[in-house]
Amino acid sequence: MDRTEPQLLCSVDGGIATVVISHPAKRNAMTAAMWRSLPELLERLAADPAVRVLVLTGAGDTFCAGADISTLRESAGDAQALAVAAEEALAAFPRPTLAAVRGYCVGGGSQLAAACDLRFAREGALFGVTPAKLGIVYPSSSTRRLVALVGPATAKHLLFSGELIDTERALRTGLVDEVLPAGGLDERVAAYAGVLASRSQLTQAAAKEFAAGRQDRDVYWTGQAQASGDTAEGVAAFQERRAQRGNNPTGPAGGGGGARPPTPTTGAPGPSRGTRSRRAAAGRTP
């Protein structure tokens with residue numbers, strides 16, 4: 001496979017699926033074909049019971065510089081629809097999703113990062129939402145997602161100006177969850193993804209739905225918890241100071257059971273020295 005061609009690379013290891021945005025010639029800008037292929041790829045990964053966590057990242061030292069305009073021969077509305085479809089597919093992925101960001105995370109790259117559950121960034125990364133530079137109306141769904149993430153004022157700053165912000169401001173405003181020093185991003189994301197892969201898929205799937213605003217599924221998830229035996233096993237494992245056994249509840253569509261997860265850890269590895277998190281940033285002056 002020619003890795004210089006624009007493409008989405010995918011691998012699965014230890015329950016963690018890693019999707020790499022790869023278009024080195026244009027800072028990993030997404031071509032029309034890449035936008036179209038992402039929902040299909042996510043559908044296949046969601047159907048794979050071995051996949052418990054998804055990590056989205058970019059090849060080399062850039063996450064994604066947006067859309068490759070030269071490949072978008074459709075009208076502006078059609079091109080935007082491709083990006084929105086990919087963003088919504090990522091947001092709807094039934095298991096935890098992490099964005100690992102280096103370098104530029106701009107335009108469509110910011111759309112994809114915002115659609116992930118959590119975002120980890122290397123120091124020096126730059127973030128921007130740039131439709132104002134092109135005279136494009138940002139999609140309403142993407143705008144609402146951005147506002148929910150960073151608040152109205154920061155969303156307006158990004159949308160009105162198209163200016164790029166650094167990791168310090170991105171952390172302070174909630175656009176990213178942790179900032180890692182050079183060399184620490186991959187290790188931290190791998191460790192955290194491993195922890196998530198060891199936890200209850202039932203808890204994670206229900207939490208994703210509730211955090212997204214679903215208010216009509218309490219009875220469903222209570223029934224799922226009772227049927228799975230996860231709660232009883234989790235309490236027993238805690239009391240007996242051992243790892244949980246058979247941590248394989250089904251997800252919203254009935255998938256996700258049957259695969260043996262990695263051996264659970266007793267606690268999440270903490271951020272390495274030099275890591276900055278949203279909690280630490282919250283005490284800073286805006």
Side-chain angles (χ1 to χ4, degrees), residues 21 27-28 30 55-58 61-67 83-84 86-88 90-91 93 96-134 136-182 184-185 188-189 192-193 196 207-208 210-213 268 270-286:
I21 304 167
R27 291 179 174 171
N28 297 333
M30 293 280 289
V55 176
L56 179 68
T57 192
D61 290 329
T62 295
F63 181 74
C64 175
V84 170
E87 176 190 1
E88 293 301 324
L90 183 57
F93 192 76
T97 54
L98 312 177
V101 179
R102 301 175 189 80
Y104 287 96
C105 180
V106 180
S110 287
Q111 274 183 267
L112 293 176
C116 291
D117 294 313
L118 297 167
R119 286 148 294 283
F120 296 75
R122 188 178 70 181
E123 286 182 340
L126 293 170
F127 299 82
V129 184
T130 54
K133 292 184 176 181
L134 300 172
I136 295 172
V137 175
Y138 204 54
S140 61
S141 58
S142 305
T143 300
R144 289 192 296 272
R145 180 168 289 115
L146 182 64
V147 170
L149 192 60
V150 302
T154 297
K156 289 174 183 177
H157 167 72
L158 291 167
L159 287 164
F160 290 178
S161 70
E163 291 183 349
L164 304 186
I165 62 173
D166 60 16
T167 49
E168 182 176 359
R169 185 165 186 176
L171 181 66
R172 189 174 70 240
T173 57
L175 189 57
V176 299
D177 298 282
E178 287 187 15
V179 175
L180 286 301
L185 179 65
R188 172 59 176 156
V189 170
Y192 188 72
L196 296 188
K208 283 195 72 159
F210 294 155
S272 60
R273 181 173 295 179
T275 300
R276 288 173 287 152
S277 65
R278 289 177 63 179
R279 181 180 298 175
R284 298 186 181 183
T285 304

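Residues take their numbers from the sequence shown, with the count starting at 1.
Between the OG1 atom of Thr173 and the CD atom of Glu168 there is a distance of 10.5 Å, given to the nearest 0.5 Å. Atom-to-atom distance recorded for Leu98:CG and Asp177:CG is 9.5 Å, nearest 0.5 angstrom. Rounding to the nearest 0.5 angstrom, the gap separating the CD1 atom in Ile165 from the CG atom in Leu175 is 5.0 Å. Between Leu146 atom CG and Leu159 atom CG the span is 5.5 Å, to the nearest 0.5 Å. Between the OG1 atom of Thr62 and the CD1 atom of Ile21 there is a distance of 10.5 Å, given to the nearest 0.5 Å.
Residue Val176 comes nearest to Ala121 through the heavy atom pair CG1-CB, 4.1 Å, listed as atom of the first residue, atom of the second, then distance. Scanning all heavy atoms of the two residues, the minimum distance from Lys133 to Gly162 falls at CE-O, 3.2 Å. Between Val106 and Leu126, the shortest heavy-atom distance links the atoms CG2-O, 4.3 Å. Minimum interatomic distance between Val55 and Ala193 (heavy atoms only, all atoms of both residues): CG2-CB, 4.3 Å. In this structure, Val150 and Gly174 approach most closely via the heavy-atom pair CG1-C, 4.2 Å.
With sequence neighbours excluded, the residues satisfying side-chain contact (heavy atoms from CB on, under 4.5 Å) with Cys105 are Phe63, Val101, Ser110, Ala113, Phe127. The salt bridge (Lys or Arg N to Asp or Glu O under 4.0 Å) test applied to Arg169 returns no partner, not counting sequence neighbours. Residues meeting the ring-ring contact (aromatic ring centres under 6.0 Å, His included) test with Phe120, sequence neighbours left out: Tyr192. With sequence neighbours excluded, no residue forms a side-chain hydrogen bond (donor to acceptor under 3.5 Å, both in side chains) with Arg122. With sequence neighbours excluded, the residues satisfying side-chain contact (heavy atoms from CB on, under 4.5 Å) with Thr97 are Leu54, Leu90, Phe93, Cys116, Asp117, Lys208. Partners of Thr57 under the side-chain contact (heavy atoms from CB on, under 4.5 Å) rule, at least two apart in sequence or in another chain, are Thr18, Val20, Ala100, Arg102.
Counting heavy atoms from C-beta outward, Pro131 and Val129 have side chains that approach closer than 4.5 Å. Side-chain contact between Glu178 and Arg119 is absent, with no heavy atoms from C-beta onward closer than 4.5 Å. Tyr104 is listed as a side-chain neighbour of Leu164, based on a closest heavy-atom distance under 4.5 Å.
A salt bridge links Glu87 to Arg145: one of the charged nitrogens lies within less than 4.0 Å of a carboxylate oxygen.
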| request: For side chain to side chain donor-acceptor pair (under 3.5 Å), just list the numbers for Thr167 and Glu123, CA-CA rounded to whole Å, side-chain angles, deciding distance to a tenth of an Å, and then say yes or no. | output: CA-CA 6 Å; Thr167 49; Glu123 286 182 340; over 6 Å; no

